[in-house]
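Sequence lines set the chain letters: A, B, ... in the order given, protein chains first and strands last, and positions in each chain run from 1.
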Protein chains: 2
Amino acid sequence: MAADDKRSLTLRDVSEASGVSEMTVSRVLRNRGDVSQATRERVLLVAKELGYVPNKIAGALASQRVNLVAVIIPSLSNMVFPEVLSGISHVLEETELQPVVGVTDYLPEKEERVLYEMLSWRPSGVIIAGLEHSDASRAMLQASGIPVVEIMDVDGKPVDAMVGISHRRAGREMARAILKAGYRNIGFLGTKMPLDHRARKRFEGFTEALAKGGVEIMDQEFYSGGSALAKGREMTKTILDRSPELDFLYYSNDLIGAGGLLYLLDQGIDIPGRIGLAGFNGVELLQGLPRQLATMDACRRECGLRAAEIIAARVRGETPDPVVELTPKISYGDTLKRR
Amino acid sequence: MAADDKRSLTLRDVSEASGVSEMTVSRVLRNRGDVSQATRERVLLVAKELGYVPNKIAGALASQRVNLVAVIIPSLSNMVFPEVLSGISHVLEETELQPVVGVTDYLPEKEERVLYEMLSWRPSGVIIAGLEHSDASRAMLQASGIPVVEIMDVDGKPVDAMVGISHRRAGREMARAILKAGYRNIGFLGTKMPLDHRARKRFEGFTEALAKGGVEIMDQEFYSGGSALAKGREMTKTILDRSPELDFLYYSNDLIGAGGLLYLLDQGIDIPGRIGLAGFNGVELLQGLPRQLATMDACRRECGLRAAEIIAARVRGETPDPVVELTPKISYGDTLKRR
DNA sequence: CTGAAAGCGCTAACAA
DNA sequence: TTGTTAGCGCTTTCAG
């Protein structure tokens, strides 16, 4: 074992150790161009023995190609984004591309920083959650000249391409289903997140469709922080104590909805007779609760899949359809009367 | 608006547009060395107007410095790893360093690929889950010459540094608490994951401590795939139908434990009198269930924090303690008798 | 305080 | 099939 240099090995080291030009070593290591079987094997052997790991930084600089796809999402602890990621990874695994994740915590300034940071690595594409970005972010995306797919929402104009569901429509459809089922005293429970534009759009669509049916939201309640399940319980108690005539509760996500459901079951309240409930997301996690909460799938994995497909196609030089609207459907579960 | 080049802007473009040498522009953009206030402002202005985003690839190659920390974890959908990440990000945000996440799906070969891929970007450090890696992975880590922190486990020998809990000890302590509470007919329910070494070690510690108390596991049940909550229900029914004399169920994670809890509550069974339950992890998500499941915290966030601190310190040239054992404590909840 | 020159480790493009 | 020559866009180093 030679005196360990601190510096890591270079192509040159492999070249010298194998008596082949750097260029040929490079070709072997990348499976590019024709190299005789004999030299190929020798080079591979030497590289492995030396424990050579290519330097992608140098490679990327020389080739002007980076096999990274920046994925920018608001949060990882939300359960929805890991599923998006899983869709993205699934597609990218078939390609040379590799996802790199950045998290914004729903903060526009942080989104800007993360985006800047990622773009400075010159990725081959960007997948970013939402259609709302700061002017600076939008400008960076535009100027980057690489494929950009905005995901999870189609209510707006994309910088480049978008894949998602219409949250306005989702809100409207849930409202219609609720009205159709005969509920009239409707409460809304959500997160205190002015920056969660998708939740906001759902709410807007929801109230709009209610209004069309001549109904107004009777009461609302918001929370922030803490365990969603526990908060769902609390909020549900609070809103019902305040407005006992409520006969339906629409939650901005399944987790607080589940908390509400557990609370009402504890109270022995008839669901969906006395009170109906609905959430949003189709969180698989919740299968196994005593009752299945009515909800609407956000097509999370599908978003990831389609977005990654667009990036992959664009990298191949194709020109796929830049707008993909996914259509979630209501799952009635056991907490929303069927009619 | 000039004819858009496809090529992105370079330092040179900023240099020309501002009439200052590339070198000075570089200094301004990095806040290095002395630059007169006047030129600094002009350069900054021009750079912003042009929408210049520095090319970190070139920068990294030239400076031999990369502000990336590779974080390699088995899964994102597990709820435990996002928390680890949050700890890591929290610490790294105070520094120049940036986490980059890779996911292995608990597959050693994939871990090897991901590690190779990440090391080829020459990160400043590696944080990797677990102490079990393929020989090749271990060799790469060793050869990389950068700080490596293995997390979530301290039952073994680290390549470099490690931060985590002893899962063997966690299993033993839970076993002791169960015996002390008087339970004797103990069942185990877990995942079919031969590659989840931490779950395996907990199980080993658990059976070992039971044996010391003259007790053997009476029955066990394993699952794979599907919604953990729903699976927990099913498995619990299965194992109790088969072995009705069981008076305690130890689950390898909180989510299946919660499923079991819900099932037993449905059945009207007295908990923790007739049957006691315990899980593992301290999943905050579950606060809000009708009863609080006994569990043991895995110190997920803390692992992330401490690991990131070690990397940051090492990057600063310090030599922090390479072994950090965190000590989880039992939370009895409502499903394990106190004595 | 500012600039010029020389690479960082690799690959594109050509030559042999 | 293999080798040679120029860079990629930045930073280091040294000289003004």
* To do: Measure the distance from CG on A:Leu11 to C1' on C:dC8 and round it to the nearest whole Å.
  => 13 Å
* **side-chain N/O B:Thr24 vs C:dG3 OP1/OP2, d < 4.0 Å** => yes
* OP1 or OP2 of D:dG9 sitting under 4.0 Å from any side-chain N/O of A:Gln64? -> yes
* Asked: Among side-chain atoms of B:Arg301 and B:Ser86, is any donor-acceptor pair under 3.5 angstrom?
  -> yes
* Asked: Taking the side chain from A:Asn67 and the backbone from A:Glu96, do they hold a donor-acceptor pair closer than 3.5 Å?
  -> yes
* N/O (side chain, A:Arg65) to phosphate O (OP1/OP2, C:dA12) under 4.0 Å -> yes
* **Flag, side chain of B:Thr104 to backbone of B:Lys110, donor-acceptor distance under 3.5 Å** => no
* Can you check the B:Arg12 CZ to D:dC8 C1' distance for me, whole Å? -> 13 Å
* **Atom pair distance, as rounded to whole Å: CD in A:Glu16 and P in C:dC10** => 12 Å
* C:dG9, D:dT11, C:dA13: which one has an atom nearest the side-chain heavy atoms of B:Met23? -> D:dT11
* Asked: Rounding to a whole Å, what distance do you find between B:Arg32:CZ and C:dG3:P?
  -> 19 Å
* Structure fact -> Per atom distances to the A:Ser21 side chain, the nearest of C:dG9, D:dT4, D:dT11 is D:dT4
* What is the distance, rounded to the nearest whole Å, between atom CG of B:Leu61 and atom C1' of D:dC8? -> 9 Å
* Asked: So, is B:Gln37 close to the C:dC1 phosphate, meaning a side-chain N or O under 4.0 Å from OP1 or OP2?
  -> no
* Asked: Counting side-chain heavy atoms from C-beta on, which of D:dT12, D:dC10, C:dC10 comes nearest to B:Tyr52?
  -> D:dC10
* Within this structure, what is the CG-to-P distance between B:Leu9 and D:dC10, rounded to whole angstrom? -> 9 Å
* Expressed in angstrom and rounded to an integer, what is the separation of B:Glu22 atom CD from C:dC1 atom P? -> 22 Å
* To do: For the pair B:Arg113 and B:Glu117, evaluate salt bridge (Lys or Arg N to Asp or Glu O under 4.0 Å) and give the outcome as yes or no after the intermediate values.
  => CA-CA 6 Å; B:Arg113 282 208 309 281; B:Glu117 190 73 20; over 6 Å; no
* Under 4.0 Å between a side-chain N or O of B:Ser26 and OP1 or OP2 of D:dT11? -> yes
* Asked: Under 3.5 Å, side chain of B:Arg138 to main-chain N/O of B:His133, donor-acceptor pair present?
  -> yes
* Among the nucleotides D:dT11, C:dG9, D:dC10, which one has an atom lying closest to any side-chain atom of A:Asn55? -> C:dG9
* To do: Grab the CH2-P distance between B:Trp121 and C:dG9 for me, whole Å please.
  => 15 Å
* Structure fact -> The answer to which of A:Ala62 and B:Arg40 contacts DNA chain C further toward the 5' end, by nearest nucleotide, is B:Arg40
* Is the side chain of B:Ser15 donor-acceptor paired with the backbone N or O of B:Leu11 at a distance under 3.5 Å, no angle test? -> no
* Structure fact -> Judged by nearest nucleotide, the residue sitting upstream toward the 5' end of DNA chain D, B:Ser63 or A:Ala58, is A:Ala58
* Of all the choices, D:dC10, C:dT2, D:dG9, which nucleotide is nearest to the side chain of B:Ser36 once you look at every atom? -> C:dT2
* To do: Respond yes when some side-chain nitrogen or oxygen of B:Arg30 is under 4.0 Å from OP1 or OP2 of D:dT11, and no when none is.
  => yes
* Asked: Within the modelled atom types, does a donor on one side and an acceptor on the other bring the side chain of B:Arg27 and the base of C:dG3 under 3.5 Å apart?
  -> yes
